[in-house]
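Notes follow once the structure below has been shown.
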Amino acid sequence: MPSCQRGPNWRQPSSHKEVTRSMASQYNPQDIEEKWQAHWEKIGIYRAHDDSDKPKFYSLVMFPYPSGDLHMGHMRVYTISDVISRRMRMLGHNVLNPMGWDAFGLPAENAAIKHSLHPQKWTKENIRFMRDGQLKKLGTSYDWEREVTTCDANYYGWTQWLFLKFFEKGLAVRKEAPVNWCPECCTVLANEQVEDGACWRHPETRVEQKKMSQWFLKITNYSEELLADLDTLKGWPESVRTMQQNWIGKSVGAELRFTVESKPNVQISVFTTRPDTAFGVSYVVLAPENPLVEELTTPEQRDAVRAYVEKTRLKSELERMATEKTKSGVPIGCQVINPFNGEVVPIWVADYVLMNYGTGAVMGVPAHDERDFIFATQHKLPITEVISPNGEPGAELKEAFTEHGVMVNSGEFNGLKSDIAKDKMTDWAADHACGAKRVQWRLRDWLISRQRYWGCPIPLVHCDDCGIVPVGEDEIPIVLPVEGIEITGQGGSPLTKMESFLNAPCPKCGKPGRRETDTMDTFIDSSWYFLRYCDPKNKKEAFSKKNVDYWMPVDQYVGGVEHAILHLLYSRFFTKACRDIGLLSCDEPFTNLLSQGMVTKLSSISGRIEKMSKSRGNVVGTNDFFKRYGADSARLFTLFAAPPEQELEWSEEGAIGQYRFLGRVWRIITELIDNQAVVDLNEPVDHDKLDAAGKNFHKLIHKTIKAVSHDLERGRFIFNTAIARCMELVNGLYKYAQELTARSNNGNGKAAKSQESTTLAPQGDALSKEEVQLLSFAVKSLLLVLAPMAPHITEELWKLSGYIKKEGDSIHNSTWPGFIEALTVDDEIELVLQVNGKIVNKVPAARGLQKDVAEKLAMDDDKVKAKIEGQSIRKVIVVPDKLVNIVI
RNA sequence: GCCUUUGUAGCAGAAUCGGUAUAUGCAUCUGUUUCAAAAACAGAAGUUUGAAGGUUCAAGUCCUUCCAGAGGCACCA
């Protein structure tokens, strides 16, 4: 596509004009960007200091997985976070803006199998390229001294140490449980890593349920706190809080116990959120996996029940959920006694009841539960109404009535409102030893074992005598072997075949034992990396409490919404657990969260606008773009095209538009400098000495500073409007410069014509001192407010304007500009005159008019007069400095 | 089914408290410049705010219902 080849390198061979034009007037990002990146690194201006008089600001972006290549879609999040960091630095904060690598994980192993390259080598090479060839070229302001890589032993050793602490506290436990197995990854997965019954890595692969003995972290110990503290996270998007709330899934109800008629010592517990419907129970259902099924089934029913259980076992979870219209089931032959009314009802087994929620058993109340209604209708079980909308029993039930109402057919509870009866009946059950109040959670413990090689080894030894024994703290790190490992993808983790790794003495008794070969879920690595950033080089501790208490919590976290549950929930849990272990003091890790939207682009494969990704064939590479238009243009476009939390469609034309804008900034400022129309400004502009055009422009500058400051305020971050304001200022600068140029050209008579027809800026010697000052103020302010968003061009122009005098000077070390409030408001406003809410006229008026003066102004207006003539006025509304509305 | 969220010129998006509907960019058109084009500079045009009701002197903004898109949870008892 030759038409796309435009850009700074584009030259027409016959263009002689290009040759004669001064070099300074050409904006060439490739001449300045790498130069400044190297310089910033040399003078170390982005280092964070662990002690400082300045207020701290911890700016964090979700660290990347080193997959090898970042594209423009990835760059959005780094740009947003970088602008925030840079601006906070200019506001006088001690900013921590670190970067690292989430470097353990399956893709490295898969790549190893494919290219027969060791995961470590693959990962390290990717990191080097992504760091030096991509992130640095974007112009990010990271403190690379604090770089953290989770697959380095000096990091994962502390991951193991934290595991031991969790183990000590009883927060890491081994238990046998049904777990999700991904046949593609050949490993188990956490619940959070299963989406719609499929592995989150490949949606086409269904996970299988297996019963295995595995390591879990007891995140459920923190269910209540994780839920309750969501309310304190005012700086989080509502949507993310809701998603976590749904995931934790608290439901309050009761556990009721039904005694088996033929075996009085056996009880079936059910969980219900509606104990008020207990008089309507017409059967009790067990999940097919419930061990009570085998225990209670009568000989006559045994064959039917076994066949049914076997049938459901073969169904996938998806198939089990698919049957919404029909509900299969088989009676097991015996009955339970309803403790409330003494009624004897049958026990069934049915696959609409799930073993892994509640107690794996449910009381069937067909009249007041949709699923039970379908089940009872199908299997001809009685339907007893116990709650009525109006207290009148006997209505024909065509479907389940699931709302609250008034109790009927419920003995001593009749007539009560059902929501009140809920508590009373729970109390009754507790008093009669057949139930209790109970809270049920959806959240389950975090399964962290992975049967994979490229992860953090779990620091345990299996001993025949002592069982499973944690290694001593002095043995840490348990190093993941790199040499002599052969990764084939066959027959499980290579660790299981590596004798030198496997053989280890029992830490307790010293006899030969065998090391645990499972590694940890990589989400463990990322659950505490933000703590390590606070103290990345500590060789004695995971992090010092002093440093963590200084920097934490993170003031602004930026990342993708795909981690709304997974990473963010795990990190919150880790923070609380570390707090209880005594390692730190805060309750929540991330005070403010910005979830940036994804970057999309038309995919030539599907023909639709989709998330930018390699597999969809719609990626825009970083380096092609940087070379052609510069990182500053890329940054501005991603900030400008949409608000940060919204989706952003990448557009080549739009991005070039930003390049054009920066070209405008470059041309006007370099020309002003060439013409000596700007000076090193060190005194304020004297507003009163300016002419009308000057006054207007001076006000525009103050308005711009105010508006950009407001848009970039903490928690607001509306970069698109901030850039729009900068554009307005540039447009204003062109206009003002043009007026000054026209004036001096008129004065000089003919001077203008010939080759000066493209002149943008006036000559300095044709201007008054105030005008030069005003232009200088405009240039200085524009560069300062633009600096966080376009760091390279602003630094170069800052230097050309003479503000860099010694090493260490940088626009990024400068102070964010202030503004004079009085100069942000206009003296004259346009007063809108309405009759009956319809606009009749707009007239200029002085600001701050008294209400009666404004009203008189409106009444005297000819157009208004014509409208209201002969009518009686019912009411006049005056909104000061806005409008007058006459109601007739 | 439940919850969250979005709907404004051709496109992306602005619009404190309800108070002149659209800043800014892309695209389009015109002029200057040019042999011509591009670039640059200057200028113009365009919607009645997804739909219907309601509250109000006044609604893009508040309320109700509906329609459409995006995301989350879901046989959760």
Side-chain angles (χ1 to χ4, degrees), chain A residues 6 10-12 14-15 17-18 25 195-196 237-247 249 251 253 270-274 277 285 320-324 327 350-354 356-359 361-365 369-372 374-375 440-442 561-562 564-565 597-598 636-637 640-643 645-649 651-658 660-661 663-664 667 707 710-711 718 720-728 731 734-735 738 757-760 829-839 841-842 874-888:
Chain A
R6 275 174 280 150
W10 187 86
R11 297 277 201 288
Q12 197 69 333
S14 62
S15 171
K17 262 238 151 118
E18 295 288 346
S25 64
E195 289 169 359
D196 293 327
E238 187 62 40
S239 57
V240 175
R241 283 155 62 181
T242 312
M243 278 160 74
Q244 291 214 357
Q245 197 178 318
N246 284 345
W247 187 263
S251 38
V270 303
F271 172 73
T272 177
T273 53
R274 295 294 301 272
T277 63
V285 197
R320 266 177 78 162
M321 289 194 297
T323 57
E324 269 179 40
K327 307 241 173 277
D351 68 1
Y352 82 91
V353 175
L354 309 174
N356 50 17
Y357 185 79
T359 58
V362 157
M363 62 183 202
V365 186
D369 181 279
E370 284 170 37
R371 295 151 301 183
D372 297 346
I374 295 170
F375 189 80
Q440 181 64 38
W441 301 91
R442 216 190 73 92
V561 76
E562 66 274 16
I565 293 168
M598 63 186 177
L636 280 192
F637 177 71
F640 178 75
E645 59 284 338
Q646 257 174 60
E647 217 168 76
L648 179 154
E649 191 187 336
S651 125
E652 187 86 4
E653 290 76 25
I656 294 170
Q658 297 307 308
R660 215 175 282 157
F661 164 65
R664 265 168 83 75
R667 271 189 299 281
H710 185 236
D711 288 348
I718 333 181
N720 50 335
T721 54
I723 293 170
R725 296 301 196 156
C726 293
M727 288 170 166
E728 274 183 90
N731 293 345
Y734 267 77
K735 206 168 173 190
Q738 193 190 34
S757 51
T758 55
T759 295
L760 305 171
I829 51 110
E830 203 171 42
L831 192 66
V832 174
L833 308 180
Q834 294 182 331
V835 174
N836 281 349
K838 297 242 159 49
I839 295 160
N841 202 3
K842 300 172 189 176
R874 294 191 6 227
K875 205 171 176 183
V876 178
I877 288 123
V878 181
V879 182
D881 297 332
K882 290 267 196 233
L883 60 75
V884 179
N885 185 14
I886 298 162
V887 187
I888 51 177

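Both backbone and side-chain heavy atoms feed into the values below; hydrogens, waters and symmetry mates do not. As the structure is a prediction and not an experimental result, all values here were calculated from the model.
- At B:rU56, none of the side-chain N or O atoms of A:N885 fall inside 4.0 Å of OP1 or OP2 (strictly under the cut-off).
- As judged by a 4.0 angstrom heavy-atom cut-off over every strand, A:P643 is placed among residues touching the sugar-phosphate backbone only.
- Each of A:N836 and A:Y357 was assigned the nucleotide of RNA chain B with the nearest heavy atom; the assignment lying further toward the 5' end belongs to A:N836.
- Searching all strands for a Watson-Crick or G-U wobble partner of B:rA59 with both distances below 3.5 Å returns nothing.
- Nearest heavy-atom pair across A:L883 and A:L831 is N-CD1, 3.8 Å.
- Atom CZ of A:F661 is separated from atom C1' of B:rA39 by 18 Å (rounded to the nearest Å).
- For A:Y352, whose side chain is taken as the heavy atoms from C-beta onward, the closest listed nucleotide among B:rC75, B:rG13, B:rU20 is B:rC75.
- Of the possible donor and acceptor atoms, one in the side chain of A:N836 sits under 3.5 Å from a partner among the backbone N and O of A:I888.
- Going from the C1' atom of B:rG19 to that of B:rU32 covers 41 Å, rounded to whole Å.
- OP1 or OP2 of B:rC41 sits under 4.0 Å from a side-chain N or O of A:R667.
- In this structure, A:R664 satisfies the cation-pi test against A:Y734, with its NZ or CZ atom closer than 6.0 Å to the six-membered ring centre and inside 45 degrees of the ring normal.
- For A:S251, the side-chain atoms get nearest to B:rA77 when compared with the rest of B:rA27, B:rU24, B:rA77.
- With A:S651 contributing its side chain and A:G654 its backbone, the two residues share a donor-acceptor pair below 3.5 Å.
- When the P atom of B:rC76 is taken as reference, atom CH2 of A:W247 falls 15 Å away, rounded to whole Å.
- If you measure from atom NZ of A:K838 to atom P of B:rU20, you get 15 Å, rounded to the nearest angstrom.
- Look at B:rG46: it lacks any Watson-Crick or wobble partner with both distances under 3.5 angstrom.
- Of all heavy-atom pairs between A:A642 and A:N720, the closest is C-ND2, 4.1 Å.
- With its glycosidic angle more than 90° from 0, B:rC29 is assigned anti.
- Contact between the side-chain N/O atoms of A:K842 and the OP1/OP2 oxygens of B:rU20 is not found at any separation under 4.0 Å.
- If you check B:rU16 for Watson-Crick or wobble pairing at under 3.5 angstrom, you find it has no partner at all.
- Counting non-hydrogen atoms under 4.0 angstrom, A:Q245 reaches nothing in the nucleic acid.
- As a whole-Å value, the separation of A:L883 CG from B:rG19 C1' is 5 Å.
- Here the separation of B:rU8 from B:rU24, taken at their C1' atoms, is 15 Å to the nearest Å.
- Counting only heavy atoms from C-beta on, A:R442 has its side chain closest to B:rA74 among B:rA74, B:rC57, B:rC75.
- One atom, CG of A:N356, and another, P of B:rC76, lie 12 Å apart when rounded to the nearest Å.
- For A:Y734, the listed nucleotide lying nearest its side chain is B:rA42; candidates were B:rA42, B:rA77, B:rA21.
- In terms of phosphate contacts, A:S239 brings no side-chain nitrogen or oxygen within less than 4.0 Å of OP1 or OP2 of B:rG72.
- On the P atoms, B:rG43 is 24 Å away from B:rA36, given to the nearest whole Å.
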Decide yes or no on side chain to side chain contact (heavy atoms under 4.5 Å, CB included) for A:Y352 and A:I374, but give the supporting numbers first.
CA-CA 11 Å; A:Y352 82 91; A:I374 295 170; over 6 Å; no

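- Across all strands shown, B:rC26 forms a Watson-Crick or G-U wobble pair, both distances under 3.5 Å, with B:rG10.
- Separating the CZ atom of A:R874 from the P atom of B:rA58 is a distance of 10 Å, rounded to the nearest angstrom.
- Using a 4.0 Å heavy-atom distance criterion, A:E830 is classed as a base contact.
- The cationic group of A:K327 does not satisfy the cation-pi geometry with A:F375, failing either the under 6.0 Å distance to the six-membered ring centre or the 45° limit from the ring axis.
- Straight-line distance between the P atoms of B:rC67 and B:rA15: roughly 29 Å, to the nearest whole Å.
- Per the geometry, CG belonging to A:N246 stands 11 Å off C1' belonging to B:rG71, to the nearest Å.
- The number of heavy atoms from other shown groups lying within 6.0 Å of CD (A:E649) is above 12.
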Close N/O contacts between protein and nucleotides 15-18 of chain B (under 3.5 Å):
none

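- Not one side-chain nitrogen or oxygen of A:R241 sits closer than 4.0 Å to the OP1 or OP2 atom of B:rG72.
- Nucleic acid contact class of A:T242 (heavy atoms, under 4.0 Å, all strands): sugar-phosphate only.
- Spacing between B:rC73 and B:rG46 at atom P, rounded to whole Å, works out to 47 Å.
- With B:rC57, B:rC73, B:rA77 as the candidates, the nucleotide lying closest to the side chain of A:I877 is B:rC57.
- Judged by distance alone, the side chain of A:R725 and the main-chain N or O of A:A707 form no donor-acceptor pair under 3.5 Å.
- Listed candidates were B:rU24, B:rG13, B:rA12. Nearest to the side chain of A:F640 is B:rU24.
- Within 4.0 Å of A:D372, counting heavy atoms only, lies no atom of the nucleic acid at all.
- Exactly one residue among A:L833, A:I877, A:V835 makes a side chain to side chain contact (heavy atoms under 4.5 Å, CB included) with A:V884. That residue is A:L833.
- Under 3.5 Å, the side chain of A:E238 and the base of B:rU4 form no donor-acceptor pair of N or O atoms.
- The nearest heavy atom of RNA chain B to A:R664 and to A:A361 marks one nucleotide each, and the one closer to the 5' end goes with A:R664.
- Atom CD1 in A:I656 sits roughly 11 Å away from atom P in B:rA40 (whole-Å rounding).
- Under the Watson-Crick and G-U wobble criteria, each requiring two contacts below 3.5 Å, nucleotide B:rU5 is paired to B:rG69.
- Rounded to the nearest Å, the gap between the C1' atom of B:rG71 and that of B:rC75 is 23 Å.
- For B:rU61 and B:rG50, the P atoms lie 8 Å apart once the distance is rounded to whole Å.
- Here A:Q646 lies in heavy-atom contact (under 4.0 Å) with sugar-phosphate atoms only.
- Considering only the side chain of A:L354, B:rA77 comes nearest among B:rA23, B:rA77, B:rU4.
- Look at B:rA39: it lacks any Watson-Crick or wobble partner with both distances under 3.5 angstrom.
- A donor-acceptor distance shorter than 3.5 angstrom exists from the side chain of A:D372 to the backbone of A:V365, with no hydrogens or angles considered.
- If you check B:rA21, B:rC57, B:rU24 against the side chain of A:V887, the one that comes closest is B:rC57.
- For the pair A:M363 and A:T277, the minimum side-chain heavy-atom distance is below 4.5 Å.
- As rounded to the nearest Å, B:rA70 and B:rC76 have P atoms that lie 25 Å from one another.
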